[in-house]
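Shown below is the structure under consideration.
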Amino acid sequence: MTTAYTGEAIEVLRGLEAVRKRPSMYIGNTSERGLHQLVYEAVDNSVDEALAGHAHSLSVTLHADGSVTVEDDGRGIPVDIHSEEKKPAVEVVMTMLHAGGKFGKGGGYKVSGGLHGVGISVVNALSERMTTRVKRDGHVWEMKFERGTTVQKLKKVEKTDRTGTLQWFKPDPEIFEAREFHWDVLQKRLRELAFLNRGLSITLRDERGAEPRERTFKYDGGIVSFVEWLNEKRDPLHPIVSTHAERDGVDVEVAMQYTDTYTDVLHSYANNINTIEGGMHLLGFRTAVTNAINGYARKRGALKENDGSVSTDDCMEGLTAVISVKLQEPQFEGQTKTKLGNAKVRSIVYALVNERLEFFFEENPRYARAIVDKVMQAQRAREAAKKARDLSRRKNALEGSGLPGKLVDCKNNDPRESELFLVEGDSAGGTAKGGRDPNTQAILPLRGKILNVWKTRLDKVLANEEIRTMITALGTSFGDEFDLSKLRYHKIIIMTDADVDGSHIRTLLLTFFYQQMRPLIEEGHVFIAQPPLYGIRKGKQQWWAFSEPELKSIIGEDGKEFVVQQYKGLGEMDAEQLAQTTMETGNRRLKKISVEDADEALQVFADLMGEKVEPRKQYIFEYAKSVKNLDV
Ligand code: 0RA
């Protein structure tokens, strides 16, 4: 066997060996996110084929055994002999690292998606088993692999007059800690891809439950439909404004619409990748909107010649927008490589958006007026809030430490070792106080529904006692004056019940952090405590389970000799139990909140708090069916 290896073959083998040795280098990590990344890699290949104009639909199927099928109706991966590698092109694609993008000539791929963009061979390397089926040249062709090694050479299996590619793979349990694909996670990304690629039909099918579940996403309106969808529960001030053009090799699509809300919902993408950290396209967009509005306001006399101008922040209030650019060689920068760095994109987006908006304003004076009014109102509110803040700061300075009375502080003065638990309700607050480590853990009970941050302007938010208490406890101030270096606790842990009220408060807090203290989230200081769902006893032994599967794995299928108690709220635990399961480091599980999580909370918030009643009803109804959806 060994003697059969040519130099080339060894090279190939080493390639995929490297992937198995350090999977995180290729897919980020080997937990949940990495597992889902496998699906995205396969899907990205199919989306690329759609971008090239050859695929019109793709489907993702989750099978009961943990495997996945991704199928498209494109041209099919070529099966003829690759001139350099002397083996079928499909084998090269499947077994050589980075081989995916090498088919430049006839393929004419415009751009390539995928954050990691590592190619399908990485999926192959990290799969226990994988089967590739290509419909092409009158036949169905098939190859099989195990952990990246070919176990069945390419062969014809039957005749067909169709074309397309099917990838079936079963993630390798030796590599991944996570096993389960999440419908919600996949649905979110696939829906997004359908919005971003107008007309492309994407189906997600789940065959794991008793009843199969299936959803198809197809939007002939592209990102205009995206904005429509985002604003479904908001009240718009005007019809959606959109533009689509190519300049200097950069394809730019923008859709935007103001609503009567007070937050911005900006989604930016480069080559279908969600650029969470923003970048040049977003900068160009924001400046274009600001300048167009200032220009119009000045021309119409709403702003006097030397009256200053409205700020970008004011112009973003209540704006929902999707900015999608596609370009040949995207530069991704930033901590998570989700910030677009190509400088020329900035001026291209600027010019297109500025031009489009100026035209829209000229054509639609009524809507232009409504937008200018809204922006100037935002400016006034911001100034009022600043005054209120200055006032409250002076007051604090006069009142000594200024730390709020309800705060049960910790002894430690080192923020790096200090934690603040934001606890729902006075009674749970009392339990948490009894269960905490007084050296490092501080408790701040928050009563009831703190406030509707969504539909409230900043000055009103600040009038709220609970919010002010929290801000003072954190020490950072907020908004423009937020100062992360003053943070008094490096872990802020939201501890609420797993019910409607709990999720409400959680969503409120996350929304406030997201809007007014975003670096807290960006720098990973915000967490959600995860209390156990079940307490299990057998004689003197005691266990805790944080999910249904965990419960099953402890008590087995019949669970006869075990006493199981289901916890519905924090209040059902005593101080010692709460400490053991949820507060002490070691046992406890914390979910760190990412910007995406918070962003999603914001969306949920719109659903909950929007003025339209129907979505809220619908939401509460949905909630009754599944608690999981609410878990931000
Ligand atoms: C290279 C060349 C051609 C198609 C593809 C790759 C291709 C790859 C994947 C992966 C998933 N689905 C796919 N569909 C197509 C085009 C070759 C030609 O000119 O026909």
Side-chain angles (χ1 to χ4, degrees), residues 16 19 26-27 36-61 67-127 130-145 148 150 154 156-157 160-169 186 189-190 193-194 196-197 199-205 271-273 328:
L16 289 192
V19 178
Y26 301 88
I27 51 160
H36 288 75
Q37 191 61 45
L38 297 182
V39 178
Y40 302 151
E41 282 299 338
V43 166
D44 285 341
N45 282 289
S46 297
V47 171
D48 281 352
E49 184 66 359
L51 280 174
H54 301 290
H56 306 289
S57 65
L58 72 94
S59 66
V60 175
T61 306
S67 65
V68 184
T69 299
V70 177
E71 184 171 15
D72 68 58
D73 62 353
R75 290 166 295 180
I77 307 179
V79 290
D80 50 344
I81 300 297
H82 188 268
S83 56
E84 277 163 52
E85 303 298 334
K86 311 270 186 280
K87 45 186 162 189
V90 58
E91 183 170 352
V92 177
V93 169
M94 295 305 295
T95 58
M96 290 181 78
L97 207 46
H98 293 298
K102 282 186 186 164
F103 293 85
K105 346 172 201 148
Y109 276 19
K110 225 166 106 195
V111 297
S112 186
L115 178 50
H116 296 272
V118 288
I120 194 77
S121 65
V122 166
V123 178
N124 193 14
L126 302 179
S127 293
M130 183 153 188
T131 298
T132 301
R133 249 177 236 142
V134 172
K135 288 183 227 156
R136 202 186 153 96
D137 306 335
H139 290 274
V140 180
W141 307 75
E142 188 185 76
M143 273 198 90
K144 293 191 177 186
F145 313 89
T150 307
L154 185 68
K156 286 183 193 170
V157 288
T160 183
D161 55 4
R162 303 182 159 235
T163 63
T165 304
L166 179 154
Q167 301 284 14
W168 173 89
F169 59 93
L186 292 171
R189 175 63 181 154
L190 295 179
L193 280 171
L196 292 170
N197 300 279
L200 175 61
S201 164
I202 303 182
T203 298
L204 175 59
R205 185 177 164 81
N271 293 1
N272 289 333
I273 293 159
Q328 206 60 249

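Order of appearance sets the numbers: ligands from 1, and atoms from 1 within every ligand.
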- If you measure from each heavy atom of R136 to ligand 1, is any distance below 4.0 Å?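 So R136 counts as touching ligand 1.
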- Query: Between W141 and H139, what is the ring plane arrangement, given parallel below 30°, perpendicular above 60°, and tilted in between?
  - Reply: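 Geometry flag for H139 against W141: perpendicular rings.
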- Heavy-atom pair of closest approach, residues L16 and G148: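 Looking at all heavy atoms of both residues, the shortest contact is CD1-O, 3.6 Å.
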- Item | Side chains of Q167 and T132, donor plus acceptor under 3.5 Å |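 On atom types as modelled, these side chains qualify, holding a pair under 3.5 Å.
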- Nearest option to atom 3 (C) of ligand 1, as decided by whichever heavy atom of P78, A52, S46 sits closest: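 Residue with the shortest heavy-atom distance to the ligand atom: P78.
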- Task: May I ask you to say whether E71 pairs ionically with K135, meaning some side-chain N is under 4.0 Å from a carboxylate O?
- Result: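 A salt bridge links E71 with K135.
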- Query: Which ligand 1 atoms are under 4.0 Å away from a heavy-atom of D72?
  - Reply: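 Selected atoms, number and element: 11 (C), 12 (N), 13 (C).
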- Quick one: which ligand 1 atoms are inside 4.0 Å of a heavy atom on I77?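 Answer for ligand 1: 8 (C), 9 (C), 10 (C).
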